[in-house]
Number of protein chains: 2
Amino acid sequence: MDLPSAAAAKHSTPRERARAQTVADIIRLGRRHLALHGAAGLSLRAVARDLGVVSSAVYRYVESRDELLTLLLIDAYGELGDEVDTAVDALPEDDYRGRFLALGRAVRQWALREPARYALLFGSPVPGYQAPAERTTEPGTRVIYRMVGIFDAAYRAGALAAEVAPAVVVPPALAADLAAIRAELGVAVPEPALARGVLVWTSVFGAVSFEVFGQYGADTFAARDELFEHQLEVLRGVVGL
Amino acid sequence: MDLPSAAAAKHSTPRERARAQTVADIIRLGRRHLALHGAAGLSLRAVARDLGVVSSAVYRYVESRDELLTLLLIDAYGELGDEVDTAVDALPEDDYRGRFLALGRAVRQWALREPARYALLFGSPVPGYQAPAERTTEPGTRVIYRMVGIFDAAYRAGALAAEVAPAVVVPPALAADLAAIRAELGVAVPEPALARGVLVWTSVFGAVSFEVFGQYGADTFAARDELFEHQLEVLRGVVGL
DNA sequence: TGCCCGTCAAGAGCACTGCTCACATTTGTT
DNA sequence: AACAAATGTGAGCAGTGCTCTTGACGGGCA
């Protein structure tokens, strides 16, 4: 394990810095190609051309096209996570509703601005590509952990409605899964609310995906901002916030 | 407009029948390749190989790779629509709840059985490919129209709750969009409920997409059936059914 | 019957892709 | 200065979508 990590940038030889810079350039160019042509159209050769280098040279820095995809995946997760964090942190800790809404809006804004990268993260899996869980799980769970954190904080503050209509019982098998999540994340939210949280999670991304992926027709909804705001408000109520 | 439609199968020369059969074979093989390698990996040459014919010959029957994608899109929309219709029709007309649940389950079942085709319909758009609206809109709207139909029938029968907590006002711009939808589809459902219907629509597909696209971790949820049932139940309540 | 034209298959070719490998060059260290 | 590691080069393989020319077949018409 002697990867040229970011931490190694401290005491680094000029070579290492140049190498890190090149990798960063490759990611930057890859990001641009991803935005322009989508994940399936991401071409190492094209990146090499933009880098002003012969195609095989890129393989000195990036193991394969899939490896570049992984780097872009982590890069995108990181940027989305940062933007969500910034949006949420801009509001007081006890403004649970506001924080939830800010999180949803931040996800949507980023998705609309970066549709190809959003598609890479939340769209159909790239065929033949399997993201290495040990590298992508942590950055990939930032948003949902943040959302759960808001729910948990609200619950501990008594700001999460205990009973929300309609009362739907949580079957035992599902309750077991949710209990495991509670334990792992150390959250106090009871299972019924946590289950609703999962629904809200999938629903927020479902709404964003529909918009970004063009599932609404071209002119079915002119007032997309209002639509999303409405959806967020209803979802807020669904989780009892 | 002299396409060799299915209607032309009646009075057809042997030529036309042979041609229709070949096109059907291409779609069948394309479906298989789609399932195995995804939309981006769909290769006309591979289909040609399986068909036992040289690659260029396929272009006699299918204009381009995108054209084949369109055929597969329509094919998939059709199959999903048929399965949803069958599932819904299996229940009495006035069992609105049951029909809604059946619709959701049918979508999920089909999606889990045909993940690649589901991804083609509801996943990230294939880069560089634009579905021809005049051919895909009608089959692509069957499921949502069916869902709206259930809501509408329930409303007309007085089985749709007028007020659902939390009461969220529908902003004017959104109301205008919804009014246009009401007019076009000829539904009686008032705007607030229709707005919730949109949320339910996106949420159902959001939940299915999360599961099909592997957004839940590998082992976060063992009880996926129960999870989806729970989500459907809550969504049912959200729309007031 | 004989011809003609539309349909069809074949194969070469273009430009692109990911990736590998042998070789050359640059660079840093001894 | 000498050596070795890091880096860049270009050829090459196998695959892709798609176009174009060539040739064969067969159904309808004179």
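Each chain gets a letter, A, B and so on, in the order its sequence line appears, and its residues count up from 1.
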- Check every strand shown and say whether V54(B) touches a base, only sugar-phosphate, or nothing at a heavy-atom separation below 4.0 Å. base
- Between C1' of dC19(C) and CD of E67(A), the distance in whole Å: 15 Å
- Those residues that, when tested against F228(A), pass ring-ring contact (aromatic ring centres under 6.0 Å, His included) (two or more places apart): none
- Task: Kindly write out the residues that satisfy side chain to side chain contact (heavy atoms under 4.5 Å, CB included) with A173(B), not counting sequence neighbours, or none if the list is empty.
- Result: A223(A), E226(A)
- Examine the side chains of Y118(B) and S124(A) and answer whether a donor and an acceptor come within less than 3.5 Å of each other. no
- Note on the structure: Letter by letter from the 5' end, nucleotides 13-24 of chain D scores (B base, S sugar-phosphate only, - none; protein heavy atoms under 4.0 Å) ---BBBBB----
- Message: Check the phosphate of dA6(D) against Y61(A), side-chain N and O only, distance under 4.0 Å to OP1 or OP2. Yes or no?
- Response: no
- Query: Who are the salt bridge (charged side-chain N to carboxylate O under 4.0 Å, His left out) partners of R113(B), not counting sequence neighbours?
  - Reply: E83(B)
- In whole angstroms, how far is the P atom of dG8(D) from the CD1 atom of I26(A)? 9 Å
- Message: Suppose we screen for ring-ring contact (aromatic ring centres under 6.0 Å, His included). Which residues come up paired with F221(B), at least two apart in sequence or across chains?
- Response: Y216(B)
- Item | For Y77(A), all residues meeting ring-ring contact (aromatic ring centres under 6.0 Å, His included), sequence neighbours excluded | none
- Task: Starting from P on dT27(C), measure out to CZ on R17(A) and report it in whole angstrom.
- Result: 15 Å
- Task: Look at R19(A) and dT7(D) and indicate whether a side-chain polar atom (N or O) is within less than 4.0 Å of OP1 or OP2.
- Result: yes
- NE2 of H37(B) versus P of dG18(C): gap in Å, rounded? 19 Å
